[in-house]
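Here's the structure, in structure tokens; my notes come after.
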Amino acid sequence: MLGLLALGAGSLFGAEGSKKLFNGKDLTGWNGNPKLWSVKDGTIQGQTTADNPTKGNTFLIYTNGEFADFELRFSYKIEGGNSGVQYRSKVTKPDSWVVGGYQGDFEAGKKYSGILYDEAGVAGGRGIMAERGESVVWDADCKKQVMGSLGKSEDIQSKIKPEDWNDYVIIARGKQLMHQINGVKTVEVTDNCEGKRLTKGVLALQLHAGPPMKVQFKDIRIRELK
């Protein structure tokens, strides 16, 4: 369905025209709760503990511009809990670093990594917009149509390394959205719901409320598409 988003073998980190969003040294260009976000061993690290929790989902927000059409690549490692990357999103509560919109989800569990989620209902309150393994069209009446399968969810999960580094790709081009983990496409979506579709916005990294967790990010790069 999404031929425009096909990934070639040469589409890797360091591709021509890509831009680093993290300098590997400090959080220049990012804004979040300093009690929860830091740089450790050349990675962005978000961590909650029993003594230092977050009451609600909170985010580390990229502050040097918004993006519309792009190829975003990063590596992540997670221990406990749930996280993700917001894209084409909006900052809804600046004082508490709350963001909503499209989310490329991932977790320490075995169900949600790779899904497309509408965080905080900013994309029209659509919740899980595509389950893992689904090829989806949201039609002009804002109804979800599952058009096909990209593979079984458990097979996709088997390619994800627990408590280790995984490579994530998000491509957004016009109405078309695609997620990939470790070379395996997890969802593809065409969003024809004009009244709820997001076309441009911020990028942000999520730290989820709940039990203690730790998430790390590195090699964050973006290539804008024309």
Side-chain angles (χ1 to χ4, degrees), residues 1-13 15 67-76 78 82-89 100-162 166-201 203 206 221-226:
M1 182 178 70
L2 301 186
L4 290 174
L5 300 187
L7 291 175
S11 186
L12 301 169
F13 285 127
F67 300 97
D69 292 354
F70 58 84
E71 177 183 293
L72 175 70
R73 294 174 173 268
F74 61 94
S75 297
Y76 76 87
I78 187 167
N82 176 275
S83 183
V85 171
Q86 296 297 131
Y87 63 98
R88 290 186 179 176
S89 292
Y102 294 146
Q103 182 184 102
D105 203 297
F106 63 85
E107 59 162 346
K110 297 184 178 181
K111 183 176 181 180
Y112 298 112
S113 295
I115 70 167
L116 173 61
Y117 183 67
D118 173 14
E119 176 74 16
V122 170
R126 290 184 279 175
I128 296 177
M129 294 179 61
E131 299 276 7
R132 188 165 62 192
E134 287 185 340
S135 176
V136 169
V137 171
W138 282 84
D139 66 23
D141 295 323
C142 299
K143 295 181 179 179
K144 179 182 175 180
Q145 309 289 340
V146 178
M147 307 303 291
S149 173
L150 305 173
K152 294 181 179 179
S153 179
E154 57 267 31
D155 291 341
I156 297 172
Q157 178 65 41
S158 72
K159 306 298 184 182
I160 299 172
K161 295 172 281 188
N166 296 278
D167 296 328
Y168 208 120
V169 179
I170 296 171
I171 297 179
R173 177 179 283 164
K175 303 174 184 179
Q176 299 178 325
L177 313 170
M178 189 279 292
H179 300 170
Q180 180 192 65
I181 300 178
N182 294 337
V184 179
K185 191 182 292 186
T186 62
V187 297
E188 57 180 18
V189 177
T190 298
D191 193 354
N192 291 323
C193 176
E194 186 173 355
K196 299 179 179 180
R197 182 173 66 236
L198 303 177
T199 58
K200 185 178 182 179
L203 297 174
Q206 185 189 59
R221 298 172 181 263
I222 197 165
R223 180 167 63 93
E224 296 191 74
L225 305 175
K226 297 182 181 179

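The two residues L225 and R173 make their nearest non-hydrogen contact at CD1-NH2, 3.4 Å. For the residue pair G101 and S89, the shortest heavy atom distance occurs at CA-OG, 3.5 Å. Nearest heavy-atom pair across C193 and R126 is CB-NH1, 3.6 Å. Minimum heavy-atom separation, V136 to A130: CG2-CB, 4.0 Å. In terms of heavy atoms, K159 sits closest to N182 at O-ND2, 2.9 Å.
Dense packing is recorded around NZ of K161, with more than 12 heavy atoms of other residues, nucleotides or ligands lying under 6.0 Å away. Open room surrounds CD on E194; 12 or fewer heavy atoms of other groups in view lie less than 6.0 Å from it. Within 6.0 Å of NZ on K144 lie more than 12 heavy atoms contributed by other residues, nucleotides or ligands.
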| For Y168 and V85, what are the C-alpha separation, side-chain angles and deciding distance, and is it a side chain to side chain contact (heavy atoms under 4.5 Å, CB included)? | CA-CA 10 Å; Y168 208 120; V85 171; over 6 Å; no
| task | Using the side chain to side chain contact (heavy atoms under 4.5 Å, CB included) rule, take Y117 and I128 through it: C-alpha gap first, then chi angles, then the decisive distance, then the call. | result | CA-CA 4 Å; Y117 183 67; I128 296 177; 3.9 Å; yes
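In this structure, R223 and R221 have side chains that are not in contact, with every pair of non-hydrogen atoms separated by 4.5 Å or more. Counting heavy atoms from C-beta outward, S113 and R132 have side chains that approach closer than 4.5 Å. Under the 4.5 Å side-chain criterion, counting only non-hydrogen atoms from C-beta, L203 is in contact with I222.
In terms of modelled atom types and a separation under 3.5 Å, the side chain of E119 and the main chain of Q103 share no donor-acceptor contact. Put simply, the side chain of S83 never gets that close to the backbone of F106: no donor and acceptor are under 3.5 Å apart. Side chain of D69 to main chain of K226: no donor-acceptor pair is present (N/O by atom type, distance under 3.5 Å, no hydrogens or angles). With hydrogens and angles ignored, the 3.5 Å screen pairs no side-chain donor or acceptor of D141 with any backbone N or O of K143. Judged by distance alone, the side chain of D105 and the main-chain N or O of I115 form no donor-acceptor pair under 3.5 Å.
Atoms OH and OG, from Y112 and S153 in turn, are 10.0 Å apart once rounded to the nearest 0.5 Å. Remark: Y102 OH to L198 CG distance equals 4.5 Å, nearest 0.5 Å. To the nearest 0.5 angstrom, N192 atom CG is 6.5 Å from R197 atom CZ. The distance from the CD atom of E188 to the CD atom of E134 is 11.0 Å, given to the nearest 0.5 Å. With values rounded to the nearest 0.5 angstrom, Q86 atom CD is found 6.5 Å from Q206 atom CD. Atom CD1 of residue I171 and atom CZ of residue F70 lie 9.5 Å apart, to the nearest 0.5 angstrom.
Aromatic ring pairs are classed by plane angle as parallel below 30°, tilted from 30° to 60° and perpendicular above 60°; the pair F74 and Y76 is tilted. A perpendicular orientation is assigned to the rings of H179 and Y87, their planes being inclined by more than 60° (bins at 30° and 60°).
Note on R88 versus D191: no salt bridge recorded, every NZ/NE/NH1/NH2 to OD/OE distance being 4.0 Å or above.
With I160 as reference, I181 is the one residue of I78, I181, T186 to meet the side chain to side chain contact (heavy atoms under 4.5 Å, CB included) rule. Put simply, the residue from D167, L150, V169 that forms a side chain to side chain contact (heavy atoms under 4.5 Å, CB included) with Q180 is V169.
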